[in-house]
There are 2 protein chains.
Amino acid sequence: MISKTLERRSGIAIWRQIADELRNEIATNVSVQNNRLPSETTLAKRFEVNRHTVRAALNALAKEGIVESRQGQGTFVRARKRISYPIGKRTRFSDGIGNQVQTTRGRLLNLSIDQATPEIASALYITPSSKVICLKTLSDADDMPLSRSTSWFCAKRFPDIGTAYQTTGSITKALTQCGIADYLRQSTEIEAHHATMADTEYLQLSPGAIVLVTQAINSDMEGNPIQFSTTRFAADRVSLAIINA
Amino acid sequence: MISKTLERRSGIAIWRQIADELRNEIATNVSVQNNRLPSETTLAKRFEVNRHTVRAALNALAKEGIVESRQGQGTFVRARKRISYPIGKRTRFSDGIGNQVQTTRGRLLNLSIDQATPEIASALYITPSSKVICLKTLSDADDMPLSRSTSWFCAKRFPDIGTAYQTTGSITKALTQCGIADYLRQSTEIEAHHATMADTEYLQLSPGAIVLVTQAINSDMEGNPIQFSTTRFAADRVSLAIINA
DNA sequence: TTTAGTTGTCTAGATCAATAGACAAATTTT
DNA sequence: AAAATTTGTCTATTGATCTAGACAACTAAA
């Protein structure tokens with residue numbers, strides 16, 4: 001198909017560049033017939049590299065659980081679906097993905113009481129350097145880490161949000177306990193970045209992996225912002241579905 | 001700050017892992033004082049590597065235009081802003097980013113008439129294997145490639161969409177010429193992937209770079225789908241802003 | 001059973017990445 | 001002026017990645 005040469009001396013090993021390319025083609029069903037990849041020799045010819053280099057790439061994909069090699073037969077793709085995470089006015093974690101997975105879990109990693117930075121203050125409509133509660137959480141789906149979030153709440157309005165989250169394992173339920181029966185997503189910004197070291201640790205990713213970073217503000221029904229949060233998703237496990245309606 | 005060890009034998013050179021980490025920290029203003037990075041020796045101690053390895057990382061960031069080193073003084077970050085690309089009911093390319101850049105340009109890379117795949121057919125509400133026009137385009141902002149798209153239109157309804165795009169360089173204007181005065185974004189799906197070889201070529205990216213991939217359906221004012229498209233953004237040049245209202 | 005095609009494993013050498021140390025060149029502080 | 005701190009450049013060595021070739025082990029088809 002594409003016969004562009006691989007870049008050497010780029011800091012990314014050739015076998016990993018091939019792995020990235022094949023992962024993409026598998027995701028879009030290019031050059032995959034009957035769930036079977038071309039043979040190692042064929043791929044080596046196509047990428048103009050040694051067969052061992054192709055094997056290193058396939059080995060990496062096998063470790064990710066994307067393909068499976070069988071001696072004498074070939075290399076086959078194992079179907080895996082991304083979790084579709086809805087983003088709209090009524091975005092909620094467990095509700096949104098609940099029908100796609102068996103179990104969801106939220107864990108509190110860290111709680112601290114900080115002074116609001118200018119950015120947080122303007123998002124929450126409070127005076128700069130007033131007190132905010134900062135919650136760092138990790139969310140699992142089927143015991144695979146899916147995302148990690150940092151949320152800020154006005155400490156004066158939600159003094160007990162931390163303990164409420166710890167007992168419920170859910171922001172929505174914690175807000176209910178704090179008197180917020182319903183809330184709306186006011187804004188969302190999405191970026192993509194390379195995984196940081198903290199990401200590779202908490203989300204169980206390899207270096208060079210991708211995280212989808214969303215920055216969101218939630219408001220109560222009167223339109224007052226109540227939560228400002230940054231969430232980092234393991235990009236190869238999710239697809240963000242934007243709900244316009 | 002974070003003292004997690006770097007992963008060796010991962011196919012990603014250590015200097016590139018450090019570059020990725022620093023790029024992220026620069027973006028979030030961590031460990032950057034007065035626009036000045038810590039000295040090479042300090043960074044080498046922190047990452048527990050040789051100073052030359054840190055230099056390789058800084059060299060890469062300098063080539064990307066993110067930092068600038070001055071002998072005897074230090075290494076400084078150069079301010080660069082991502083273009084914020086709005087996604088909502090009324091998403092349009094040039095309108096949305098027009099106030100952030102000087103010039104925008106759209107170029108037609110390829111036009112073909114294909115049979116609709118099941119996916120395209122269901123998105124456009126047409127019978128499978130009926131004819132569709134496929135437009136591959138590249139969009140620049142200030143002469144930097146920003147995104148590349150593949151769009152499908154019903155060939156029966158929009159026979160002249162190709163020439164209309166070529167003369168106007170804009171999907172919106174092309175649709176106007178074809179009798180669509182106004183249209184709405186019906187759905188958007190967002191994923192993040194590693195750049196393919198075609199991405200590195202057209203979007204001028206390095207291997208290992210990230211692309212934000214959106215899949216969207218646009219409808220006319222009666223709610224009939226008119227365009228199905230996949231867009232791949234250079235992730236380090238944009239931020240997607242979700243408009244819920 | 002034979003043959004062709006596939007993945008698995010081993011050895012050896014060539015190229016690239018990372019470490020180590022030394023010193024030059026430029027800037028700021030003392 | 002001198003000292004301290006910074007980036008820039010050089011050489012040499014060790015370790016990881018990529019290439020090359022050969023052959024074993026397994027599978028499916030002739």
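Proteins get letters first, then strands, A, B, ... in listed order; numbering begins at 1 in each.
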For [X] and [N], give me the distance from atom [atom1] to atom [atom2], rounded to whole Å.
X       : N      : atom1 : atom2 : answer
B:Gln17 : D:dA16 : CD    : P     : 14 Å
B:Arg36 : D:dT6  : CZ    : C1'   : 7 Å
A:Glu40 : D:dT27 : CD    : C1'   : 15 Å
A:Leu43 : D:dC18 : CG    : C1'   : 17 Å

Atom of [X], atom of [Y] and distance for their closest heavy-atom approach:
X        : Y        : value
A:Thr104 : A:Phe93  : CB-CE2, 4.2 Å
A:Ile18  : A:Ala57  : CG2-CB, 3.8 Å
B:Ser239 : A:Glu191 : CB-OE2, 3.5 Å
B:Ile12  : A:Pro207 : CG1-O, 3.5 Å

B:Gln71 side-chain proximity, nearest of C:dT7, C:dT27, D:dG8: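 My answer, after comparing the listed nucleotides, is D:dG8.
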A:Gln73 vs D:dA28: side-chain N/O to OP1/OP2 distance below 4.0 Å: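 A:Gln73 to D:dA28 OP1/OP2: side-chain N or O found under 4.0 Å.
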A:Thr75 vs C:dT7: side-chain N/O to OP1/OP2 distance below 4.0 Å: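 So the side-chain polar atoms of A:Thr75 do come within 4.0 Å of the phosphate oxygens OP1 or OP2 of C:dT7, strictly under.
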With A:Glu40, the salt bridge (Lys or Arg N to Asp or Glu O under 4.0 Å) member among A:Lys45, A:Arg51, A:Arg46: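 Checked A:Lys45, A:Arg51, A:Arg46 against A:Glu40; only one passes salt bridge (Lys or Arg N to Asp or Glu O under 4.0 Å): A:Arg51.
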Base-contact (B) and sugar-phosphate-only (S) positions in nucleotides 9-19 of chain C, heavy-atom cut-off under 4.0 Å, - elsewhere: BB-----SSSB
Pair B:Ser69-B:Thr75, side-chain donor/acceptor within less than 3.5 Å: yes
